[in-house]
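A short worksheet on the structure shown next.
All ligand and atom numbering here is 1-based and tracks the order in the structure.
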Amino acid sequence: MRLDKYLADAGKGTRSTVKSHIAAGRVRVDGTVIKRPEHKVPADAVVTLDDEAVSAETFQYFLLNKPAGVVSATRDAREKTVLDLLDCDKRRDLFPVGRLDKDTEGLLVITNDGKMSKDLLKPGKHVAKCYYVEADGELPDDAARQFAEGFDIGDERPTAPAELSEGEKEGSWYLTITEGRFHQVKRMFEHFGCHVTYLKRISMGGLTLPEDLKPGAYRKMTEEEIKLLTERG
Ligand code: URA
């Protein structure tokens, strides 16, 4: 990362303020005064301002509206990954929190905060996730009750209680689940002979996909949004 960005990210001022600190010779990288704001700071470097250590942002949190056609992986030999969509200064240790299928769109958090990710995905303690679903076929009249009670989709255990409600459009639904099984939403609909034709995650815990974030777009999460995910009961 560039030295001026490193300092700005660490809260040492705006890009122009930190540039003047750098020009004034107040900044050292591994003990050497550096006067070029574009100097690349190695990942393990010790940076000081007025001889005081500066720690760069430890964690990064991005909120991505995953488009269809990219895989939820950090790297892939053939497919475009969600990390390929982040066209910004980013840490190398970022990963998506959980997975969405290649053809699924919607809210995906990308971070390097392993603890947060683990807490959100803990088996049996999964945070609620709401999906917008379009599906072919007819669900039975008592589908909401069946989703609420849980049913067998061929795994060891029946599904945990899930909440189903009708969407605005014919054949569309909102489904909230608290687990993260492989192809879970699609398999729950398949249980009733319904084929999911479009799937989009619209919320995760208290975090909702912003309406102005188009598929493929992303932004840094705000402090409030980070708190929503990290400070859950
Ligand atoms: N359930 C699915 O079937 N697919 C997803 O991508 C997410 C949940």
What residue and atom, counting heavy atoms only, is the protein's closest point to atom 1 (N) of ligand 1, and at what distance?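 Protein heavy atom with the smallest distance to atom 1 (N) of ligand 1: V185 N, 3.1 Å.
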Where is the nearest protein heavy atom to atom 4 (N) of ligand 1: which residue, which atom, and how far?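 Sorting protein heavy atoms by distance from atom 4 (N) of ligand 1 puts D101 OD2, 2.7 Å first.
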Should the pair H191 and F151 be assigned to parallel (<30°), tilted (30 to 60°) or perpendicular (>60°) ring geometry?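 Aromatic pair H191/F151 classed parallel.
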Tell me, please: is F182 in heavy-atom contact with ligand 1, that is, under 4.0 Å?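 No, F182 has no heavy atoms under 4.0 Å from ligand 1.
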Does ligand 1 come near enough to Y131 that some N or O of the ligand is less than 3.5 Å from an N or O of the residue?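 There is no such contact.
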Would one find an N or O of T104, backbone or side chain, under 3.5 Å from an N or O of ligand 1?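 Yes.
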Under 4.0 Å from a heavy atom of L199: which atoms of ligand 1 are those, numbered in the order shown and with their elements?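 So the atoms of ligand 1 that pass are 1 (N), 2 (C), 3 (O), 4 (N), 5 (C).
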Other residues, nucleotides, ligands: >12 heavy atoms within 6.0 Å of E138 CD: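 At most 12 heavy atoms, drawn from other residues, nucleotides or ligands, come within 6.0 Å of this atom.
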E149 atom CD, neighbour heavy-atom count above 12 within 6.0 Å: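 Counting other residues, nucleotides and ligands, CD of E149 exceeds 12 neighbours.
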What are the two closest non-hydrogen atoms of V127 and K129, and how far apart are they?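 Nearest heavy atoms, V127 then K129: O-CE, 3.3 Å.
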Among V70, L85, N65, find the one that has a side chain to side chain contact (heavy atoms under 4.5 Å, CB included) with P215.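 Output: one option passes, namely N65.
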